[in-house]
S.K.: 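Take this structure, written in structure tokens, and hold onto it; I'll ask about it next.
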Amino acid sequence: MSTSMAGRHFVNVKDLSPEELARVLDSAAKVKRQPAEFRQKLAGKTLAMIFQKPSLRTRVSFEAGMTQMGGHAIYLAPTDISLGKRETTEDIAMVLSRMADLIMARVFGHDIVEDLAKHSRVPVINGLSDHEHPCQTLADLQTIIERRGRLAGQRFVYCGDGNNVAHSLMYGGALTGMHVTIVTPKGYEPNAAVLEESRQLGRQSGAEITVTNDLESGVRGADVIYTDVWASMGQEAEAEARKKIFMPYQVNARVMSLTKSDCTVLHCLPAHYNEEITYDVTRLPGSAIFDQAENRLHAQKALMLHLAGAL
Ligand code: CP
Ligand code: NVA
């Protein structure tokens, strides 16, 4: 018997069980195929969107998603509510819960989005924190299914900084049976607790989660290769130093020659071309970076439908 996801938070990928994640991904495919079927599903509902950092995809996909389903989204800019300065996170959660039906937050510290969830009576969705980017993973998994037919048994390689995006992908692989290898320079490996936990979850699905500093062995035979910027939002001061450390890990034609010939190329975007990935690689037939961006819309529409109890 399947349980409802109504009223639940989505702060971490592992907030969903493997079965629930599969259901959200199924709904995402349906929402993409038949958008008209969902046109009024969130009529009269409001999504409050808190942003401590800039965004193109996250803001537009959530906002357009609500519009397309008959609801409304309110953008709260960093200076609008000055989270934690003008008002406590707890009070913001209490107030928004009384006016909005869903809350989405893009924050610096993961503890902030956890705190919002703790005090909110309505579902809180993590739109990126320093620890996870779970909505991105939903769109990424949807894109891999579209391009490769399935997730289980795929050899997925993430090459770059072992932080938020990598963490969510590790959990995503662990829940779906997709093997995940994280290739990073020394000192930029993913969080040890995330590695341990994703390995444990992977034991149930058959997913192997590995971390290596060795680029060649790490990317060899990859079905999917993924990268992200070397300096995340908030780390701009480290950008120059990181360029030197990460340059040997650039995803370029030589790296692609080590992967499967039909390897799928992914990047969460925004991209810094000719840093973490060459422009040419992003324009190969195997590149799905813009499908991946589009799928943010479909995957999050599906997520909101489930959390709002409309599916
Ligand atoms: N990938 C992603 O989250 O993009 P934005 O930062 O533009 O929202
Ligand atoms: N790791 C990046 C992802 C951007 C979508 C960041 O946190 O800035």
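Side chains included, hydrogens not; waters and symmetry mates left out as well; all remaining heavy atoms used. As the structure lists them, so they are numbered: ligands from 1, and atoms in each ligand from 1.
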S.K.: With heavy-atom distances below 4.0 Å as the criterion, list the atoms of ligand 2 near Leu128.
M.R.: 3 (C), 4 (C), 5 (C), 7 (O)
S.K.: Restricting to pairs with a member in residues 88-98, which pass salt bridge (charged side-chain N to carboxylate O under 4.0 Å, His left out), not counting sequence neighbours?
M.R.: none
S.K.: Does even one non-hydrogen atom of Asp161 get within less than 4.0 Å of ligand 2?
M.R.: no
S.K.: When you measure from the centre of the six-membered ring of Phe108, is the NZ or CZ of Lys53 closer than 6.0 Å and no more than 45° off the axis?
M.R.: yes
S.K.: Transitively linked via ILVMFWY side-chain contacts under 4.5 Å: Tyr279 with Val265?
M.R.: yes
S.K.: Could you say whether the N/O atoms of Ser232 and ligand 2 ever approach to under 3.5 Å?
M.R.: yes
S.K.: Would you please write out the protein residues whose heavy atoms approach any atom of ligand 1 to under 4.0 angstrom, listed by chain and number?
M.R.: Ser55, Leu56, Arg57, Thr58, Arg106, His133, Gln136, Cys268, Leu269, Arg296
S.K.: Okay, side chain of His9, backbone of Val124: is any donor-acceptor separation there less than 3.5 Å?
M.R.: yes
S.K.: Nearest protein heavy-atom contact for atom 8 (O) of ligand 2: which residue, which atom, what distance?
M.R.: Met233 N, 2.8 Å
S.K.: Checking side-chain polar atoms at under 3.5 Å, does Ser27 have a donor or acceptor matched by the opposite partner on His306?
M.R.: yes
S.K.: Cationic tip of Arg59 within the cone over Phe51's six-membered ring, i.e. under 6.0 Å and within 45° of the normal?
M.R.: no
S.K.: Find out if a path of hydrophobic residues (ILVMFWY) with successive side-chain heavy-atom gaps under 4.5 Å connects Phe62 to Leu25.
M.R.: yes
S.K.: Determine whether the side chain, the backbone, both or neither of Asp130 has a heavy atom under 4.0 Å from any heavy atom of ligand 2.
M.R.: neither
S.K.: List the closest protein heavy-atom neighbour of atom 7 (O) of ligand 2: residue, atom name, distance to the nearest 0.1 Å.
M.R.: Asn164 ND2, 2.8 Å
S.K.: Of all the non-hydrogen atoms in the protein, which one sits nearest to atom 3 (C) of ligand 2, and at what distance?
M.R.: Asp228 OD2, 3.6 Å
S.K.: Between His133 and Arg106, does a side chain to side chain contact (heavy atoms under 4.5 Å, CB included) hold up when you go through it step by step?
M.R.: CA-CA 9 Å; His133 196 0; Arg106 164 165 288 194; 3.7 Å; yes
S.K.: In terms of atom number and element, which parts of ligand 2 are under 4.0 angstrom from non-hydrogen atoms of Leu269?
M.R.: 5 (C)
S.K.: Would you check if there is a donor-acceptor pair between the side chains of His110 and Asn12 at a distance under 3.5 Å?
M.R.: yes
S.K.: What I want to check is whether the side chains of Asn295 and Glu146 have a donor and an acceptor closer together than 3.5 Å.
M.R.: yes
